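The chains referred to below are lettered A, B, ... by the order of the sequence lines, with proteins before strands, and numbering in each begins at 1. Bear in mind that the values here come from a model prediction, so they are computed numbers and not experimental data.
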Amino acid sequence: MDPQPELKITNTLTRAKEAFRPIDPSHVRMYVCGPTVYDFAHVGNARPVVVFDVLVRLLRRLYPRVTYVRNITDVEDKINARAKENGEPIEALTARTAAQYQADMDALGAERPDVQPRATHHIAQMITLIERLIAKGHAYAADGHVLFAVPSMPDYGGLSRRDRDDMIAGARVEVAPYKQDPADFVLWKPSSDDIPGWDSPWGRGRPGWHIECSAMSWEHLGETFDIHGGGLDLIFPHHENEIAQSRCAFGTHTMANYWMHNGFVTVEGEKMSKSLGNFYTVHDVLKEWPGEAIRLLLLSSHYRAPLDFTSAGLKEAKAQLDRLYQALRNAADVAVEPEAPAGDELMAALLDDLNVPLAVARLHEAVGRLNKATDPAERSAAKSALLGGGALLGLLQADPEAWFQGGGDDDLDPAEIERLIQARVDARKGRDFAEADRIRDALKANGVELEDGPQGTTWKRAG
RNA sequence: GGCCCCGUGGCAGAGUGGUUAUGCAGAGGACUGCAAAUCCUUGUACAUCGGUUCGAUUCCGGUCGGGGCCUCCA
């Protein structure tokens with residue numbers, strides 16, 4: 001038996017692939033930046049959810065306990081603006097959007113994080129952090145605001161490898177007059193009466209963007225933890241500033257040991273943008289495609305590489321899943337042990353910085369073995385590899401019959417389909433192939449395709 | 001201007017200093033009443049120019065092309 005190879009992940013802090021060594025091997029702790037709840041999640045929002053879902057599944061196989069925290073940002077100026085626009089209370093907007101987010105991510109097969117803290121439930125912790133930062137000389141109050149004093153942290157910028165002076169030179173935003181240094185960023189800002197605010201030592205106000213993640217990761221994972229994830233675009237300023245806040249508040253050398261960032265999603269070759277009107281929301285795509293196909297498409301390139309989300313890609317993802325489920329359907333009678341292992345090769349692919357595309361290729365190879373093999377033990381092993389590997393990737397856990405026959409609410413009902421199939425079987429027995437083909441064509445016209453196999457005729461809804 | 005990433009066969013997409021990725025699509029064949037599903041066969045790809053090397057798609061440098069970030073966007 002080979003020893004279990006170790007997990008390697010690319011750490012943005014070092015820009016290198018490193019062996020993963022948890023702070024406490026009996027309890028791995030991970031934080032991923034979650035949504036700001038003011039609108040439907042788009043496919044770009046969904047990518048980190050799916051990517052880190054695979055990582056958590058893998059970590060749970062490797063370590064006895066994993067705590068996965070993904071926040072919900074429910075206080076933010078965009079939320080305020082949208083609520084005003086809609087003429088609805090902020091709580092109504094955030095509650096509805098958060099519920100929709102949950103439903104969409106469930107549909108993508110993402111397991112729910114262990115904790116989904118809300119920013120508004122952690123105002124006290126934020127204030128505590130800010131007070132500590134002020135006490136330690138890393139922050140100052142000015143004009144109703146509290147700002148983080150970037151020059152007070154000598155090694156600020158380590159994650160994004162940004163020189164402070166360059167940042168200022170390239171800054172696109174006017175420097176506010178209350179800033180002592182152009183690079184300083186807001187921890188707390190005053191709220192007017194018509195927007196959410198909380199009492200604080202600096203008057204009624206609301207938190208800046210970055211402080212919530214420092215507060216929530218502290219509350220649920222401690223001063224330092226193992227992995228912090230999110231989209232590439234969050235490296236600067238968000239994650240850089242989180243690091244500054246947490247490390248300066250706690251006097252620690254590190255906030256999280258490993259920082260992982262997923263690449264951007266484009267749509268039909270273009271960046272999603274409101275002006276182009278090419279936002280694909282998960283909610284909309286789910287109307288036409290199975291969540292599992294969306295998931296597979298989001299996993300089809302390596303997590304750090306860019307991903308082009310296209311309808312052709314959805315079609316191919318669906319076709320791949322059809323092939324995989326077809327094999328499972330044909331092997332319905334093959335017994336497998338529960339909790340099947342994933343297979344060494346698939347496991348090795350994931351351990352190598354989450355090489356999901358290679359892992360999916362292993363799945364296809366397992367399908368080939370399953371389809372080809374006649375030996376029962378071989379078939380059972382191949383099916384186990386397929387289901388076990390699928391479980392690790394969050395794929396192939398549906399019932400194959402449901403995969404092929406589900407959906408299509410306004411089409412023929414299954415009983416009618418079965419009746420027609422029987423009629424066709426009778427016609428074929430009488431060698432009346434004209435009638436048999438007529439029935440098959442009629443069903444096909446209604447989106448139902450037949451397959452004559454050794455065990456009789458099966459059907460599926462055409463995708 | 002600063003920091004970072006990418007350029008693989010029709011498409012998607014891994015990987016490697018010298019040997020088949022994988023899938024989709026296409027072509028031929030087997031099976032089938034005909035199909036479908038499945039199986040078999042098939043496609044000599046690595047932007048470009050130099051360098052290192054016995055040998056580079058893989059390492060180094062230049063060029064061209066594309067993309068991201070640079071204060072609140074996953």
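Each of Lys429(A), Glu435(A), Arg428(A) was compared with Asp432(A) under the side chain to side chain contact (heavy atoms under 4.5 Å, CB included) criterion, and only Glu435(A) meets it. Among Asp333(A), Thr374(A), Val336(A), the one residue that satisfies the side chain to side chain contact (heavy atoms under 4.5 Å, CB included) test with Arg379(A) is Asp333(A). The one candidate from Met153(A), His138(A), Glu242(A) that meets the side chain to side chain contact (heavy atoms under 4.5 Å, CB included) condition with Arg247(A) is Met153(A).
When the nucleotides G33(B), C73(B), C24(B) are ranked by their closest atom to the side chain of Arg428(A), G33(B) comes out on top. Of the candidate nucleotides G33(B), C24(B), A35(B), C24(B) has the atom nearest to the side chain of Glu316(A). For Asn371(A), whose side chain is taken as the heavy atoms from C-beta onward, the closest listed nucleotide among U71(B), A35(B), U38(B) is U38(B). Comparing atom distances between the Glu365(A) side chain and each of A21(B), C3(B), U71(B) picks out A21(B) as nearest. Checking C39(B), A12(B), C34(B) against every side-chain atom of Arg323(A), the shortest atom distance belongs to C39(B). Listed nucleotides: A37(B), G33(B), G13(B). Nearest to the side chain of Ala436(A): G33(B).
Residue-to-nucleotide contacts include a donor-acceptor pair under 3.5 Å from the side chain of Arg440(A) to the base of C34(B). A donor-acceptor contact under 3.5 Å is not formed by the side chain of Asp233(A) with the base of C72(B). With hydrogens and angles ignored, no donor-acceptor pair under 3.5 angstrom links the side chain of Arg47(A) to the base of A74(B). Residue side chain Gln320(A) does not reach the base of G23(B) through any donor-acceptor N/O pair under 3.5 Å, judged by distance alone. Taking 3.5 Å as the limit, the base of G33(B) and the side chain of Asp437(A) contain a donor-acceptor pair of atoms between them.
For the pair Lys315(A) NZ and C24(B) C1', the interatomic distance rounds to 10 Å; values are reported in whole Å. If you measure from atom CH2 of Trp403(A) to atom P of A37(B), you get 16 Å, rounded to the nearest angstrom. Rounding to whole angstrom units, CD of residue Glu242(A) and P of C72(B) are separated by 16 Å. Glu240(A) places its CD atom 14 Å from the C1' atom of G2(B), with the value rounded to the nearest Å. Going from atom CZ of Arg15(A) over to atom P of C4(B) covers 7 Å, rounded to whole Å. Distance Arg304(A) CZ to A74(B) P: 21 Å, rounded to the nearest Å. Computed from coordinates, the Asn71(A) CG to C72(B) P distance equals 18 Å when rounded to whole Å. Following rounding to the nearest Å, His145(A) (NE2) and U71(B) (P) show an atom-to-atom distance of 17 Å.
Between the Asp284(A) side chain and the Thr281(A) main chain, no donor and acceptor come within less than 3.5 Å of each other. When atom types are taken as modelled, the side chain of Arg47(A) and the backbone of Asn262(A) share no donor-acceptor pair closer than 3.5 angstrom.
Along RNA chain B, the nucleotide nearest to Gly231(A) and the one nearest to Gln326(A) differ in position, and the one closer to the 5' end is contacted by Gln326(A). Where Val367(A) and Ala305(A) meet RNA chain B, the nucleotide closest to each residue was compared, and Ala305(A) sits on the side nearer the 5' end.
Between A37(B) and C24(B), the two P atoms lie 11 Å apart (nearest whole Å). For U20(B) and G50(B), the P atoms lie 28 Å apart once the distance is rounded to whole Å. Taking atom C1' in both U42(B) and U52(B), the straight-line distance is 38 Å, to the nearest Å. As rounded to the nearest Å, A45(B) and A35(B) have C1' atoms that lie 35 Å from one another. Between C11(B) and U48(B), the distance separating the two C1' atoms is 23 Å to the nearest Å. A25(B) and C40(B) have their P atoms separated by 16 Å, with the value rounded to a whole Å. The same atom, C1', is picked in U57(B) and in A21(B); the two are 14 Å apart, to the nearest Å. Here, C49(B) and U58(B) have their P atoms 12 Å apart, quoted to the whole Å.
In this structure, Asn355(A) does not reach the A14(B) phosphate: none of its side-chain N or O atoms is under 4.0 Å from OP1 or OP2. In terms of phosphate contacts, Lys372(A) brings a side-chain nitrogen or oxygen within less than 4.0 Å of OP1 or OP2 of C40(B).
The residue His302(A) sits close only to the backbone: its heavy atoms come under 4.0 Å of sugar-phosphate atoms, none of a base. Val49(A) comes within contact range of no nucleotide atom at all, as no heavy-atom separation falls under 4.0 Å. Among the heavy atoms of the strands lying under 4.0 Å from Lys189(A) is at least one base atom, whether or not backbone atoms are also near. Counting any heavy atom pair closer than 4.0 Å across all strands shown, Arg424(A) reaches a base atom. Contact annotation for Asp77(A): no contact, since no heavy-atom pair falls under 4.0 Å across all strands. Residue Gly230(A) is in sugar-phosphate contact alone, with no base atom involved, counting any heavy-atom pair closer than 4.0 Å across all strands shown. Heavy atoms of Glu449(A) sit nowhere under 4.0 angstrom from any nucleic acid atom. Heavy atoms of Leu450(A) sit under 4.0 angstrom from at least one base atom.
Within the model, atoms CZ of Arg118(A) and CG of Asp74(A) stand 5.5 Å from one another, a figure rounded to the nearest 0.5 Å.
Nucleotide G23(B) has C11(B) as its partner under the Watson-Crick or G-U criteria, with both atom distances under 3.5 Å. Base pairing of C72(B): no nucleotide in any strand meets the Watson-Crick or G-U wobble criterion (both distances under 3.5 Å). Base pairing of A35(B) is not made with any nucleotide, judged by Watson-Crick or G-U wobble geometry with both donor-acceptor distances under 3.5 Å.
The aromatic rings of Tyr325(A) and Phe404(A) stand perpendicular to each other, their planes meeting at an angle above 60°, with 30° marking the opposite boundary.
Residues Tyr31(A) and His228(A) bring their aromatic ring centres within 6.0 Å.
Between Cys33(A) and Asn71(A), some side-chain heavy-atom pair lies under the 4.5 Å cut-off.
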